[in-house]
Amino acid sequence: MNTTEEKSLNFIEQIIEEDLRKEGKTGGILTRFPPEPNGFLHIGHAKSIVLNFSLAQKYGGATNLRFDDTNPVTEDTRYVEAIQEDVRWLGYEWNGPVRYASDYFDKLYEFAVGLIKMGKAYVDDSSLEEIRRMRGVPTAPGEESPYRNRSVEENLDLFERMRSGEFEEGSRVLRAKIDMASPNMHLRDPIMYRILHKHHYRTGDKWHIYPMYDWAHGQSDALEGITHSICTLEFEVHRPLYDWYLDQIETFHPFHPRPKQIEFARLNLNYTVMSKRKLLQLVNEGHVKGWDDPRMPTISGLRRRGYSPASIRNFAERVGIAKRENVIDVSLLEFSVREDLNKTAPRVMAVLNPLKVVITNYPEGQTEELEIENNPEDPASGSRKVPFARELYIEREDFMENPPKKFFRLGPGRKVRLKGAYIIQCDEVIKDGEGKVSELRCTYYPESRSGSDTSGIKVKGTLHWVAVPTAGMVEVRLYDRLFMDPEPDNHKDRDFLEFLNPDSLQVLPEVYVEPSLKSARVGDRFQFMRKGYFCVDPDSKGEQLVFNRTVTLRDGWKKR
RNA sequence: UGACCCAUAGUAUAAUUGGCAGUACAGCGGAUUUUGGUUCCGUUAGUCUAGGUUCGAGUCCUAGUGGGUCAGCCA
């Protein structure tokens, strides 16, 4: 079973192995990750990154990072920085330099001239509206442009003048001459170049025409020697065009290897949105604090939330690769972080919502240092000293005045163990003027000390705690799902913003923590025992630490 | 009144390419536990429908149904 499990390949791996077999090779593929720098990367991109890089690793190849920067009006260098950081943080190193589609603008222009000379491309003076109208609709053929049969000489002249900036934006385009009656809309004389008098962050003001995606992408793949160009399903209808362009160019400029486009289903996660447009909207309208808000499904958001690169990689491997539309349950993502952090995150104690406990038989002024292991899952992580004292904080929800039988925690007359310390018994409940429990008076059993317990007392519950005199204080931010609906953008009559969860962020400004947390630094991850995994946020300033809750612990006692 | 793609437990994904439908997450039950965590064991639950080919169909064929994509000078 293990052996068959290892042999199981996804459909892309099957295609690659078949391709390699046909060519009598055992490896040497080249994949690419081609983001457009017009937004931050999200968990869906992570799936694509992991796919492309792990395929290359598996089949002895490499992966290029190429920015698809063919639209200067929406793209920005700010995004190219952020994207590189995210890919690196995920743990991948791309092949050679960062590449840009704009590196190939000259080559692309040359290829376009080649198509014109073959009579396979022409300059169209039609307006945007005319072109749209004459394109027809999916169920009915379009009609040919009156400019479709210009002479090669005229096309060459016009195209050259388009490039030099002689014409207004929108006045002309270069189109491939294919088939206005094709059932595939993308083959109805697709536009190759549009006029854009825009400054490009890399090519400056050199160009007045910019290539469309279809014209730029496949050729960039071919020029880089990409063997397998993996993209998402919506590009499936583009594949005939991808191949057509390559077919034409290969008549005067053969490519070895010739790239092959393969499509797979993008990742969708429930209780969130994954489109860059909607993510941008959340940022711009202030529904979140930025692209890296810990509630965002962006890679930078997840990083800030406390997700580790390994947990995201494991998640991406687990979701699988297929062509079926899918919606992954967030619980799989959460499982992936817990799995990783359980093995790596040191345990500490923090009380989110405090209730004071006074141990009446513990000598006033006395303290002691208790040795507590840092991570029971990792013996190599050692232990630390945690101070104990007569006055402590415990979690308010760990006490009930009238507890049900199955409640294993504290109640009047009940006993519990304090983690790594003593067994205590609740003797008296003190309330404030409003009847709210304000303090517990307890007694402890001196002989029940952890590690040398001779008391013989058995308790069912163990509580975390923080000693009052030595307690540190931090801010904690608790996060819940950003949307209350599993598929917020899948409702025909309702806007996804209607499903925003008003309680997705809860700030606890004063949380008591054990003193060992003083040395925590931005990015450090911990398990707050019994409460979940937490990560130090960059908003922390010096001693003033801010923690983000990455995810709660699995709760076998599902209360609330 | 088109073309193309897709359809396996609640979710996602396998099935040596035509040979006992498996895995993970989620759920449920139990054991262990100084985290109601972890770990371990058990368990519920599936091939869209109808025909056909075949000794044998999740897999091949036909039709249907359902879902998705395509009408940007976005990618």
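Every chain is numbered from 1 and lettered A, B, ... according to where its sequence line falls, protein lines coming before strand lines.
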Enquirer: Can you tell me if A/Arg202 has over 12 outside heavy atoms packed within less than 6.0 Å of its CZ?
Expert: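 Yes, because the 6.0 Å sphere around CZ of A/Arg202 holds more than 12 heavy atoms from other groups.
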Enquirer: Give the dot-bracket line for RNA chain B from 5' end to 3' end: parentheses for intra-strand Watson-Crick or G-U pairs under 3.5 Å, square brackets for crossings, | for inter-strand pairing, dots for unpaired.
Expert: .((((((..((((.....[..)))).(((((.......)))))....(((((..]....))))))))))).....
Enquirer: Regarding B/U34, can its base be found pairing with the side chain of A/Arg417 as donor and acceptor, where the two atoms are less than 3.5 Å apart?
Expert: yes
Enquirer: At their closest point, which heavy atom of A/Thr344 faces which heavy atom of A/Asp340, and how far apart are they?
Expert: OG1-O, 3.0 Å
Enquirer: What contact category does A/Val137 fall into here, base, sugar-phosphate, or nothing, at under 4.0 angstrom with non-hydrogen atoms?
Expert: base
Enquirer: For atom P, what is the distance between B/G72 and B/U62, given to the nearest Å?
Expert: 33 Å
Enquirer: Do A/Arg409 and B/G36 share a donor-acceptor pair, side chain to base, under 3.5 Å?
Expert: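 Answer is yes: a donor-acceptor pair is held.
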Enquirer: Considering only the P atoms, how many Å lie between B/A57 and B/C41, rounded to the nearest integer?
Expert: 35 Å
Enquirer: Suppose we screen for salt bridge (Lys or Arg N to Asp or Glu O under 4.0 Å). Which residues come up paired with A/Glu369, at least two apart in sequence or across chains?
Expert: none
Enquirer: I'd like the C1' distance from B/U53 over to B/A45, given in whole Å.
Expert: 32 Å
Enquirer: Residues from residues 209-217 of chain A sitting under 4.0 Å of RNA chain B, heavy atoms only?
Expert: A/Pro211, A/Met212, A/Tyr213
Enquirer: In terms of side-chain heavy atoms of A/Glu234, which of B/A15, B/A75, B/U38 is nearest?
Expert: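 The closest nucleotide is B/A75.
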Enquirer: Would you tabulate the pairs of protein nitrogen or oxygen atoms and nucleotide nitrogen or oxygen atoms of nucleotides 43-48 of chain B closer than 3.5 angstrom?
Expert:
none

Enquirer: If I pick the P atom on B/A24 and the same atom on B/U38, what distance separates them, to the nearest angstrom?
Expert: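 One P to the other, the span is 16 Å.
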Enquirer: Classify the side chain of A/Gln527 and the base of B/U35 as holding, or not holding, a donor-acceptor pair under 3.5 Å.
Expert: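 Yes, the side chain and the base share a sub-3.5 Å donor-acceptor pair.
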Enquirer: If the C1' atom of B/U43 is compared with that of B/G10, how far apart are they to the nearest Å?
Expert: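 Their C1' atoms lie roughly 16 Å apart.
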Enquirer: Where does B/G72 fall, syn or anti, if syn means a chi angle no more than 90° from 0?
Expert: syn
Enquirer: Could you list the protein-to-nucleotides 4-7 of chain B atom pairs, N/O on both sides, closer than 3.5 Å?
Expert:
from	atom 1	to	atom 2	distance (Å)
B/C5	O2'	A/Glu236	OE1	3.4

Enquirer: For B/C61 and B/C70, measure between their C1' atoms and round to the nearest Å.
Expert: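 To the nearest whole Å, 28 Å.
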Enquirer: Syn versus anti for B/U16, judged by chi lying within 90° of 0?
Expert: anti
Enquirer: Sequence neighbours left out, what passes ring pair (Phe, Tyr, Trp, His ring centres under 6.0 Å) with A/Tyr242? Give chain and number order.
Expert: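 Here no residue qualifies.
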Enquirer: Indicate, with yes or no, if the rings of A/Phe105 and A/Tyr193 have centres closer together than 6.0 Å.
Expert: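 Centroid distance A/Phe105-A/Tyr193: not below 6.0 Å, so no.
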Enquirer: Give one of base, sugar-phosphate or nothing for A/Phe235, where a contact means two heavy atoms less than 4.0 Å apart.
Expert: base
Enquirer: Between A/Glu339 (CD) and B/U38 (C1'), how many Å, whole number?
Expert: 12 Å
Enquirer: Looking only at the side chain of A/Asn10 (C-beta and beyond, no hydrogens), which of the listed nucleotides B/A14, B/C73, B/G37 gets closest?
Expert: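 For A/Asn10, the side-chain atoms sit closest to B/A14.
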Enquirer: Provide the full list of salt bridge (charged side-chain N to carboxylate O under 4.0 Å, His left out) pairs with a residue in residues 181-191 of chain A, sequence neighbours left out, each pair given once.
Expert: A/Arg148-A/Asp189
Enquirer: Report which part of the nucleic acid A/Lys406 touches: base, sugar-phosphate, or nothing (heavy-atom distance under 4.0 Å, all strands).
Expert: base
Enquirer: Which part of the nucleic acid does A/Pro141 contact within heavy-atom distance under 4.0 Å: base, sugar-phosphate only, or nothing?
Expert: nothing
Enquirer: Rounding to an integer number of angstrom, what distance separates B/C48 and B/G67 when you compare their P atoms?
Expert: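 Approximately 16 Å lies between the P atom of B/C48 and that of B/G67.
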Enquirer: Not counting sequence neighbours, which residues clear salt bridge (Lys or Arg N to Asp or Glu O under 4.0 Å) with A/Glu373? List them please.
Expert: none
Enquirer: Within residues 182-192 of chain A, find the residues that approach RNA chain B with a heavy atom at under 4.0 Å, and present them sorted by residue number.
Expert: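 Close to the strand are A/Pro183, A/Met185, A/His186, A/Ile191.
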Enquirer: When the C1' atoms of B/A50 and B/C55 are compared, how many Å lie between them, rounded to an integer?
Expert: 23 Å
Enquirer: Can you figure out which of B/G36, B/A26, B/A12 approaches the side chain of A/Asp555 most closely?
Expert: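 Out of B/G36, B/A26, B/A12, the nucleotide with an atom closest to A/Asp555's side chain is B/G36.
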Enquirer: What does A/Gly136 touch in the nucleic acid at a heavy-atom separation under 4.0 angstrom: a base, only the sugar-phosphate, or nothing?
Expert: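 If one applies the 4.0 Å heavy-atom cut-off, A/Gly136 turns out to touch the sugar-phosphate alone, with no base involved.
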Enquirer: Could you pull out all residues at least two apart from A/His197 that satisfy ring pair (Phe, Tyr, Trp, His ring centres under 6.0 Å)?
Expert: A/His208
Enquirer: Would you say the side chain of A/Arg318 and the base of B/U13 hold a donor-acceptor pair, judged only by whether the two atoms sit under 3.5 Å apart?
Expert: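 No, no donor-acceptor pair under 3.5 Å.
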Enquirer: Does anything in residues 453-466 of chain A reach RNA chain B, meaning a heavy atom under 4.0 Å, and if so which residues?
Expert: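 By residue number: A/Thr462.
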Enquirer: Can you sort out the partners of A/Phe547 under ring pair (Phe, Tyr, Trp, His ring centres under 6.0 Å), two or more places apart, ordered by chain and number?
Expert: A/Phe528
